[in-house]
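Some notes on the structure that comes next.
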Amino acid sequence: MRWSQTFIPTMKENPADAEVPSHRLMLRAGMIRQLMAGAYTYLPLGWKSIRKAEAIIREEMERAGAAEMHMPALSPIELWERTGRVESFGNVLIRLSLKRGDRKVELALGPTHEEIVTDLVARHVSSHRQLPITLYQIQTKFRNEERPRFGVLRTSEFLMKDAYSFGTSLEQLNAAYQAMYDAYCRIFERCGLKYLPVEAESGPIGGDASHEFMAPADNGEDRIVYCESSGYAANLERAETGRKPAKIATPKGTSEMKKVSTPNATSIEQVSRLLDLSPERFIKTLIYLADGKPIAVLIRGDHEANEGKVRRAVGASSLELADEESIRKVTGAPIGFAGPVGIKCHVIADHDVALIRDAVTGANEGDAHLTGVNIGRDWKVETTHDLRNAVEGDPDPKSGEPMKFVHGIEIGHVFKLGTKYSDALGATFLDETGERKPIIMGCYGIGVNRIVAALAETCHDEKGLKWPVAIAPYEVVVVPLNMKDAAVREAAEAIYVELKETRSDVLLDDRDERPGVKFNDADLIGFPVRVVIGGKGLAEGVVEIKRRTDEQPEKVPLASVVARIRELLNA
RNA sequence: CGGGACGUGGCGCAGCCUGGUUAGCGCGCCUGACUGGGGGUCAGGAGGUCGCAGGUUCGAAUCCUGUCGUCCCGACCA
């Protein structure tokens, strides 16, 4: 491709609305343009990178035995009603109401495709002999994000590779899951992306096992907890801690329990300031409804409760923060003054709560807190649980070594779904004995845009982007320094033609621009290899070749330019 | 959905507080000449209903009200 024939609107200055590096640099490099919040046009350069990521994904999906198909973005709302996901997606689901003659058609734009693919399979698969099978597509998804942000990292419309496995048994599910897991590792590897598979909460999509693939990046929205010595890595939502249940014993030499007046002080922060005691001394008492029944969850004041852990600890299928009325019923007080002493419901406590000596808690009475509260004496539990989010330095569950935190961009996610959708949509098969059973499913997503964005986010310097060869918009840029110099122009042209003949992915910067402009644009866009043809070099019979990551160019005789470029690209 | 900020040629900004000719600057763009190894020089030029709608005023980019949009923090989420 010639620069003059494509469309690369680079920008010298930073756009005011772009803060994160991927957004800023992809805009400046002329790869993307924003249409509105959460919707971007991929310009020729950006789209080339996307297409390269897609190609790698396709190759690895085929290798893993998945078959590509293409489903509509439009779907009947009825399908989402049948699985209950109209409610669980809520406002995120983009709905359309269309008139067709005198009828009204209710549609949704697919935020994902479990319903559509399961419905398809339900209609056409009926025997164990047709299974297992894994189907995938690369398609635009639509989600009405409450807050699109970070440029292209979080948008309302995005490209996703989504695969779905269908099997007759747990063994088939596990095999499909493992095949996808391995394919994902190869995909991210080939894309030149640093990634980390982490244990993940499977979330509202359902299911019981899942891993997320994270690209470590400062601006990542997810927090990952990991341990270098054991290799354990998990999303913060999911991360276990290796803490042990505390010995339940009243500490020696404690103070008397006393009631103190704390008018209008309902938060730990407020009471902490009022009493001049640090939040670690507080017992945070959260009232939840577990399957509709109130429970009090005790967490140390400076920690965060983890609802997934609480739900599992009490064996509930649903868990939500209690409403004001339920809180009043068990505490006898308005919101903000709950405590374990004398509370009228089941109490469970995090390990660390049992270790607090002379704690501060709500008094289960308006505008009052208790100080000098001690376990065993003033309130009791049989044992303690891991109920809170991990914090930096918590012991790893495997090795016991302190764990570290890092931010990450979620680029892929694999789930074992089970039969949630096959049950809801009647996707069943007859086994060898003629018994009808639900198909066991898995689903596997990759954010295609996010592969490109995560690379932009993490591979750059002060001059611009630095693409890995696999995802770069072009592998090589050929830069004639003076288009008015016929010898330079012709030499560049010859190299360009020769590179094209060897099927290289090459861009010729045939603009009549000053050398400085061309150098800066090449650095900004971040082509992996740059070939510079100048009058001086040409007089010596050489051109300069430089990788984006090299400091200095090397002089290469005209005759061996193409061979040298091939060598650099394959390295 | 809570909190904060900002909307002025394509991009980045000034002007607004304290209303008053023709709304400025840098970059980019067009024409010509020179120039040609890291965003060059000179000369000429095009391009703006100051987000939108009301209001106050003799007069509004500037003051007031409303509204729309965008970004950031939080909640939510691939």
Side-chain angles (χ1 to χ4, degrees), chain A residues 9-20 23-24 27-28 30 33-39 88-93 110-114 139-162 200-205 210 212-215 219-222 235 237 304 307 321 408-415 443-451 453-454 463-464 479-489 511-524 530 532-539 542-544 546 553 555:
Chain A
T10 58
M11 290 189 280
K12 202 184 268 191
E13 286 172 289
N14 282 323
D17 282 344
E19 297 229 327
V20 299
H23 188 200
R24 196 180 72 234
L27 279 170
R28 285 191 53 203
R33 280 297 179 272
Q34 180 172 32
L35 178 62
M36 59 181 198
S88 54
F89 272 114
N91 196 237
V92 171
L93 191 66
T112 171
H113 278 72
E114 283 82 5
Q139 223 243 13
T140 306
K141 306 294 185 195
F142 297 88
R143 298 189 183 185
N144 179 34
E145 287 297 336
E146 295 294 323
R147 190 186 155 203
R149 62 175 144 180
F150 299 143
V152 104
L153 279 170
R154 172 157 226 89
T155 52
S156 304
E157 181 181 335
F158 57 98
L159 260 189
M160 181 159 134
K161 187 287 302 179
D162 47 327
E201 195 69 68
S202 48
I205 206 158
S210 87
E212 285 168 341
F213 288 79
M214 296 285 191
N219 286 306
E221 293 181 276
D222 290 277
N235 193 309
E237 293 170 350
E304 291 169 20
E307 297 191 1
L321 273 172
I409 298 165
E410 184 181 349
I411 46 178
H413 203 159
V414 291
F415 294 85
C443 77
Y444 317 93
I446 290 182
V448 182
N449 313 292
R450 281 189 174 179
I451 292 181
K463 292 185 160 188
V479 185
L481 288 183
N482 182 354
M483 287 301 284
K484 291 216 168 77
D485 181 329
V488 167
R489 200 173 61 230
R511 295 175 298 170
D512 183 16
E513 286 287 354
R514 307 274 311 181
V517 172
K518 295 189 175 192
F519 286 138
N520 281 304
D521 275 348
D523 287 341
L524 174 61
R530 187 188 77 186
V532 171
I533 297 99
K536 289 176 198 163
L538 221 46
V542 298
V543 300
E544 282 171 16
K546 183 176 111 48
K555 288 192 163 71

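In what follows, chains carry the letters A, B, and so on, assigned in the order in which the sequence lines appear, proteins first and then strands, with residues in each chain numbered from 1.
- Atom CD of A:Glu513 and atom C1' of B:rG37 are 15 Å apart (whole Å).
- A:Glu145 pairs by the salt bridge (charged side-chain N to carboxylate O under 4.0 Å, His left out) definition with A:Arg154, not counting sequence neighbours.
- With sequence neighbours excluded, no residue forms a salt bridge (charged side-chain N to carboxylate O under 4.0 Å, His left out) with A:Asp485.
- In terms of the ring pair (Phe, Tyr, Trp, His ring centres under 6.0 Å) criterion, A:His113 has no residue partners (sequence neighbours excluded).
- Both A:Lys463 and A:Val20 lie near RNA chain B, and the one whose nearest nucleotide falls closer to the 5' end is A:Lys463.
- Comparing B:rG37, B:rC73, B:rC27 by their nearest atom to the side chain of A:Phe519 picks out B:rG37.
- Between B:rC64 and B:rG24, the distance separating the two C1' atoms is 27 Å to the nearest Å.
- Remark: side-chain polar atoms of A:Asn144 are paired, donor with acceptor, to backbone N or O of A:Asn91 under 3.5 angstrom.
- Along RNA chain B, the nucleotide nearest to A:Glu410 and the one nearest to A:Asn482 differ in position, and the one closer to the 5' end is contacted by A:Asn482.
- Atom-to-atom, CG of A:Asp512 to C1' of B:rC34 comes out at 13 Å; the value is rounded to the nearest Å.
- When the ring pair (Phe, Tyr, Trp, His ring centres under 6.0 Å) test is applied to A:Phe213, the partners found at least two apart in sequence or on another chain are A:Tyr181, A:Tyr184, A:Phe188.
- Here A:Arg489 pairs with nothing under the salt bridge (charged side-chain N to carboxylate O under 4.0 Å, His left out) rule; sequence neighbours left out.
- Contact annotation: A:Arg147 side-chain N/O to B:rC71 OP1/OP2 distance is not under 4.0 Å.
- When the C1' atom of B:rA14 is taken as reference, atom CD of A:Glu13 falls 14 Å away, rounded to whole Å.
- In RNA chain B, consecutive stretches of 3 or more Watson-Crick or G-U wobble pairs with both distances under 3.5 Å are given as paired ranges: B:1-7 with B:68-74, B:10-13 with B:24-27, B:29-34 with B:40-45, B:51-55 with B:63-67.
- A sub-4.0 Å separation between OP1 or OP2 of B:rG36 and a side-chain N or O of A:Lys484 is absent.
- Between the side chain of A:Arg530 and the base of B:rG37 there is no donor-acceptor pair of N/O atoms closer than 3.5 Å.
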